[in-house]
Engineer: 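Encoded as structure tokens, here's the structure I'll be asking about.
Hydrogens, waters and symmetry mates are skipped; everything else that's a heavy atom, side chains included, is used. Given the structure is predicted, the values throughout are model-derived calculations rather than measurements.
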Amino acid sequence: MRSRDKPSIGRQAGVGVALLVIDLMVIAWLLFRYGMTGWADGYDPGNPPDAPGEALRGTWILAVGAVVTGGGLLFLRWRIPGTVQLVVLGAGAALLAFLSATE
């Protein structure tokens, strides 16, 4: 018999896939903003570059999103989507942190 307090694996997998698509769209948007800011910095040589600040802002957005959504889902015992959130958003945050450090 199925217990009522645990969500089904199928529902968790579906939520995990939906959140994965949303996460990848957010990461792509933040990388696009970083790229556009870096491109615009090339046309404004007199001022300090804004791209590292944009990457750092994206790092914080993804890191806080990973902790809040991933931690919240793990707290609710939704292990599959919680782990997906922590891994994908954490990797995106690490990517943007690397980009902000290399400038």
Side-chain angles (χ1 to χ4, degrees):
M1 287 193 83
R2 240 180 70 176
S3 66
R4 292 282 180 196
D5 60 344
K6 293 172 66 176
S8 71
I9 299 296
R11 184 175 290 169
Q12 287 188 44
V15 169
V17 168
L19 289 174
L20 175 66
V21 170
I22 294 169
D23 293 344
L24 292 176
M25 288 173 47
V26 169
I27 292 169
W29 173 250
L30 291 171
L31 285 172
F32 175 75
R33 285 183 54 141
Y34 169 76
M36 290 303 292
T37 305
W39 174 75
D41 286 343
Y43 288 100
D44 192 14
N47 292 324
D50 295 330
E54 191 67 36
L56 189 60
R57 185 176 305 117
T59 300
W60 278 106
I61 290 170
L62 292 176
V64 169
V67 170
V68 170
T69 60
L73 287 167
L74 288 175
F75 178 75
L76 294 173
R77 297 182 185 166
W78 284 60
R79 288 183 177 91
I80 295 171
T83 304
V84 167
Q85 289 293 101
L86 286 173
V87 169
V88 172
L89 291 178
L95 172 68
L96 283 172
F98 175 75
L99 291 175
S100 70
T102 58
E103 288 290 327

Engineer: Could you grab the distance from atom CG of L89 to atom CG of L20, nearest 0.5 Å is fine?
Structural biologist: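 Here the interatomic distance stands at 9.5 Å.
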Engineer: Are L56 and L30 co-members of a hydrophobic cluster defined by side-chain heavy atoms under 4.5 Å apart?
Structural biologist: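 Unlinked, L30 and L56 end up in two clusters.
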Engineer: For a quick test of reading the model, state the closest non-hydrogen atom pair linking A93 to A63 and the distance between them.
Structural biologist: CB-N, 3.9 Å
Engineer: Are the side chains of L19 and V88 in contact, using a 4.5 Å heavy-atom criterion?
Structural biologist: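 Not touching, per the 4.5 Å side-chain cut-off.
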Engineer: Using a 3.5 Å distance criterion without hydrogens, assess whether the side chain of E54 forms a donor-acceptor pair with backbone atoms of R33.
Structural biologist: no
Engineer: With the 4.5 Å side-chain cut-off for hydrophobic clustering, are Y43 and Y34 part of the same group?
Structural biologist: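 Per the 4.5 Å side-chain linkage, Y43 and Y34 are not co-clustered.
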Engineer: With hydrophobic residues grouped by side-chain heavy-atom distances under 4.5 Å, do L24 and L62 end up in a single group?
Structural biologist: yes
Engineer: With the 4.5 Å side-chain cut-off for hydrophobic clustering, are V87 and I80 part of the same group?
Structural biologist: no
Engineer: I need the L96 CG to F98 CZ distance, nearest 0.5 Å.
Structural biologist: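 Taking CG in L96 and CZ in F98, the distance rounds to 11.5 Å.
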Engineer: Answer yes if L95 and V67 sit in the same cluster of Ile, Leu, Val, Met, Phe, Trp and Tyr residues linked by side chain heavy atoms under 4.5 Å apart, and no otherwise.
Structural biologist: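 No, because L95 and V67 fall into different hydrophobic clusters, even though each may have its own neighbours under 4.5 Å.
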Engineer: Out of curiosity, T37 OG1 to F32 CZ, how far, rounded to the nearest 0.5 Å?
Structural biologist: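 If I round to the nearest 0.5 Å, the distance is 9.5 Å.
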Engineer: Keeping D41 on the side-chain end and D50 on the backbone end, is there a donor-acceptor pair under 3.5 Å?
Structural biologist: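 Side chain of D41 to backbone of D50: a pair is present.
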Engineer: Can you name the closest pair of heavy atoms from S100 and P52 and give their distance?
Structural biologist: CB-O, 3.6 Å
Engineer: Is there a side chain to side chain contact (heavy atoms under 4.5 Å, CB included) between L86 and L73 once you walk through the steps?
Structural biologist: CA-CA 10 Å; L86 286 173; L73 287 167; over 6 Å; no
